[in-house]
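Accompanying notes for the structure given below.
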2 protein chains.
Amino acid sequence: MAEQKATNVHWHEGDITREHRAKLLGHKGATLWFTGLSGSGKSTVAVELEGRLSEMGILAYRLDGDNVRMGINKNLGFSAEDRTENIRRIGEVAKLFVDAGVIALSSFISPYAADRDQVRDLHEAAGMDFIEIFVDCSLEAAEARDPKGLYKKARAGEIKNFTGIDDPYEAPAKPELHLHSDQQSLDEEVDAILALLRERGIIAA
Amino acid sequence: MAEQKATNVHWHEGDITREHRAKLLGHKGATLWFTGLSGSGKSTVAVELEGRLSEMGILAYRLDGDNVRMGINKNLGFSAEDRTENIRRIGEVAKLFVDAGVIALSSFISPYAADRDQVRDLHEAAGMDFIEIFVDCSLEAAEARDPKGLYKKARAGEIKNFTGIDDPYEAPAKPELHLHSDQQSLDEEVDAILALLRERGIIAA
């Protein structure tokens with residue numbers, strides 16, 4: 001955990017609560033945390049899910065490696081320390097979205113179990129839903145796709161500490177949902193997520 | 001500006017746009033940036049506004065010094081460098097909220113004009129509304145209120161670099177709205193903000 005440096009601070013409870021916002025929006029907020037190798041299809045599923053939710057009148061918002069890295073986390077690189085801080089900040093942003101009533105779809109490789117668990121704890125301590133979705137895919141299949149040409153660069157030594165090549169991916173032990181993007185269709189994946197959201201009471205049955 | 005360390009990143013345009021979300025919610029997103037001395041009444045106005053917007057079915061979310069300092073910015077202190085990074089991160093978070101369609105109400109002393117202008121530029125470059133609201137109040141009035149007892153501590157030398165005491169407050173030169181919390185009622189302040197939101201087409205007239 002990052003050290004709490006500032007003193008003289010306390011949680012400012014507003015008059016408007018999460019319950020008020022859920023009533024206003026017609027659904028609860030939640031963080032859906034997609035994790036998996038580069039090229040496993042995390043963003044593809046998140047984009048499709050966002051579209052399906054929007055058609056249903058549900059407010060979702062995607063946080064992904066590319067847009068967050070250009071904004072809030074632009075001053076972080078890819079060292080182990082920076083990767084941990086990257087995930088910590090994303091977790092805190094996702095939590096703010098959940099508090100605002102939004103379904104946050106975060107898709108990051110997020111290779112370290114400890115970092116993901118920290119974000120989970122942060123949500124659960126606040127009584128918020130944290131749904132870890134493992135977008136599973138063999139390294140061979142992900143590398144064959146290589147949508148951004150990153151595996152090629154990693155194999156050539158142009159990118160260091162690349163997950164799956166010279167940095168480990170720690171698969172979730174007990175994700176809320178385990179998708180197999182090299183075996184399931186996109187529709188099957190999205191349907192499985194929607195079913196889980198209904199089951200958990202996050203969206204209407 | 002913070003240096004962009006990560007390479008191999010690009011803005012990921014989702015299929016769902018800000019326009020889709022505005023249609024879903026019935027209003028646009030925007031950042032309302034409250035700035036002023038400690039004790040000037042920024043949070044009081046923001047809390048009241050949030051309540052009024054909620055009654056109107058409008059999704060607003062408050063970011064304030066206390067809750068952000070305990071989360072995303074818990075590893076920042078009060079040095080000049082940390083204050084700048086504090087405001088930078090808050091600006092990026094607010095921008096994500098605007099993109100999601102939410103009216104972000106950020107209330108921070110944010111004493112340095114350059115930091116506020118950087119957040120403004122960030123929003124305007126993305127075609128987003130950034131509304132700077134100067135919650136003006138004499139130092140005497142703010143210090144007389146001293147809701148958190150911080151002025152007392154600053155005068156006693158227990159808190160260093162306290163805005164208005166031993167650190168400057170740079171008043172906005174051209175805020176979108178200039179409130180006088182020691183002369184206006186809370187209702188007058190909130191009404192002025194709502195009128196501006198209507199005028200700018202952020203909420204329905």
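Residue numbers begin at 1 in each chain, while the letters A, B, ... track the order of the sequences.
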Atom NZ of B:K74 and atom CZ of A:R88: how far apart are they, to the nearest 0.5 Å? 6.5 Å

Separation between CG of B:N73 and CD of A:E92, rounded to the nearest 0.5 Å: 9.0 Å

B:L59 and A:L59, any side-chain heavy atoms less than 4.5 Å apart: yes

Of the backbone (N, CA, C, O) and the side chain (C-beta and beyond), which part of A:I58 lies under 4.5 Å from a heavy atom of chain B, both, or neither? backbone

Residues A:L96 and B:Y61: closest non-hydrogen pair is CD2-OH, 3.6 Å

Is chain B contacted by the side chain of A:I72, its backbone, both, or neither, given a heavy-atom distance below 4.5 Å? both

Most contacts with chain A, counted as non-hydrogen pairs under 4.5 angstrom, among B:E48, B:R89, B:K23: B:R89

Side chain to side chain, B:I16 and A:L53, heavy atoms closer than 4.5 Å: no

If I measure from the heavy atoms of chain B, does A:A46 come under 4.5 Å with its side chain, its backbone, both, or neither? neither

